[in-house]
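Structure first, commentary second.
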Amino acid sequence: MTTTNTNVTGTARLNFAKAAPKVFRALIGFDAAAREGLDPTLVELIQIRASHLNHCAYCLHMHTNDARKAGETEDRLHMVPVWREARHFFTEKEQAALALTEAVTLVADGGVPDTVYAEAAACFDEQELAHVLSLILAINTWNRVALSTAKVAGTDERGVR
């Protein structure tokens with residue numbers, strides 16, 4: 001395995017984990033702490049939706065596979081990008097998390113609307129809400145790392161650190 005990734009023009013990019021191992025381990029720790037106490041299905045839905053919005057093929061491939069391994073159905077996976085038109089596939093809690101994921105991921109487009117925050121706060125207790133927000137922040141960071149370093153979809157390197 002090489003220590004670089006190659007972007008679409010063939011230009012090599014750094015291997016973030018090897019170039020900044022302390023930062024990488026800190027991100028792994030943050031991600032693990034964010035997941036604590038959250039339903040694994042909800043975790044994957046949040047990560048999938050943020051990865052869609054950020055156009056991160058590497059993370060989208062990884063998290064859809066993780067969701068399948070955790071028992072997620074193909075029907076629900078296909079509906080994540082259009083969840084508002086397919087609400088019956090998702091619980092109220094999942095819908096609130098997906099809406100919050102969109103608002104936080106696209107925060108520059110208009111902030112996090114009070115209504116979106118209130119819906120999430122009504123579905124999650126304070127600790128859960130803090131973890132959902134943390135997970136959204138974590139996946140947005142991972143998306144930016146993967147996109148910036150030209151990670152290639154289908155090359156999940158989590159087992160190789």
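Between the CH2 atom in Trp142 and the CG atom in Leu147 there is a gap of 13.5 Å [rounded to 0.5 Å].
The two residues Leu42 and Val132 have their closest heavy-atom pair at CD2-CG2, 4.4 Å. Scanning both residues, Gln47 and Asp31, for their nearest heavy atoms gives OE1-OD1, 4.0 Å. Arg13 and Ser148 get closest at one heavy-atom pair: NH1-O, 2.9 Å. Shortest non-hydrogen contact noted between Thr149 and Phe16 is CG2-CB, 4.2 Å. The minimum heavy-atom distance linking His131 with Glu36 is given by the pair ND1-O, 3.2 Å. Taking every heavy atom of both residues into account, Leu98 and Leu45 meet most closely at CD2-O, 3.7 Å.
Note on Val43: it clusters hydrophobically with Leu100, by side-chain heavy-atom contacts below 4.5 Å among ILVMFWY residues. Linking Ile, Leu, Val, Met, Phe, Trp and Tyr whenever their side-chain heavy atoms come within less than 4.5 Å leaves Ile48 and Leu133 in two separate clusters. One hydrophobic cluster, built from ILVMFWY side chains closer than 4.5 Å, holds both Val23 and Leu14. Hydrophobic clustering places Leu129 together with Leu38 (ILVMFWY residues linked when any side-chain heavy atoms are closer than 4.5 Å, directly or through intermediates).
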Mind listing the side-chain donor-acceptor pairs of residues 112-125 below 3.5 Å, one per line with the distance, residues two or more places apart or on another chain?
residue: Asp125; atom: OD1; partner: Gln127; partner atom: N; Å: 3.1
residue: Asp125; atom: OD1; partner: Glu128; partner atom: N; Å: 2.7

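For residues 96-113, the set of pairs meeting the side chain to side chain donor-acceptor pair (under 3.5 Å) definition, not counting sequence neighbours, comprises Arg49-Glu102, Trp83-Glu102, Arg84-Glu102, Thr105-Asn140.
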Legend entry - Worked check of side-chain contact (heavy atoms from CB on, under 4.5 Å) between His63 and Ile139: CA-CA 10 Å; His63 294 296; Ile139 188 57; 3.7 Å; yes
Inset, instruction - Decide yes or no on side-chain contact (heavy atoms from CB on, under 4.5 Å) for Glu72 and Val80, but give the supporting numbers first. - result: CA-CA 12 Å; Glu72 188 57 81; Val80 172; over 6 Å; no
Legend entry - Check against side-chain contact (heavy atoms from CB on, under 4.5 Å), Leu77 and Phe89: CA-CA 10 Å; Leu77 289 175; Phe89 282 91; over 6 Å; no
Inset, instruction - Verify side-chain contact (heavy atoms from CB on, under 4.5 Å) between Glu94 and Thr41, making sure each step is shown before the conclusion. - result: CA-CA 9 Å; Glu94 290 168 340; Thr41 300; 4.1 Å; yes
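More than 12 heavy-atom neighbours from other residues, nucleotides or ligands sit within 6.0 angstrom of CD on Glu74.
A donor atom on one side chain and an acceptor atom on the other are not found under 3.5 Å apart for Gln95 and Glu92.
Residue Leu53 shares its hydrophobic cluster (ILVMFWY side chains chained together at separations under 4.5 Å) with Leu106.
Contact annotation: the side chain of Met79 never approaches that of His88 to less than 4.5 Å [non-hydrogen atoms, C-beta and beyond].
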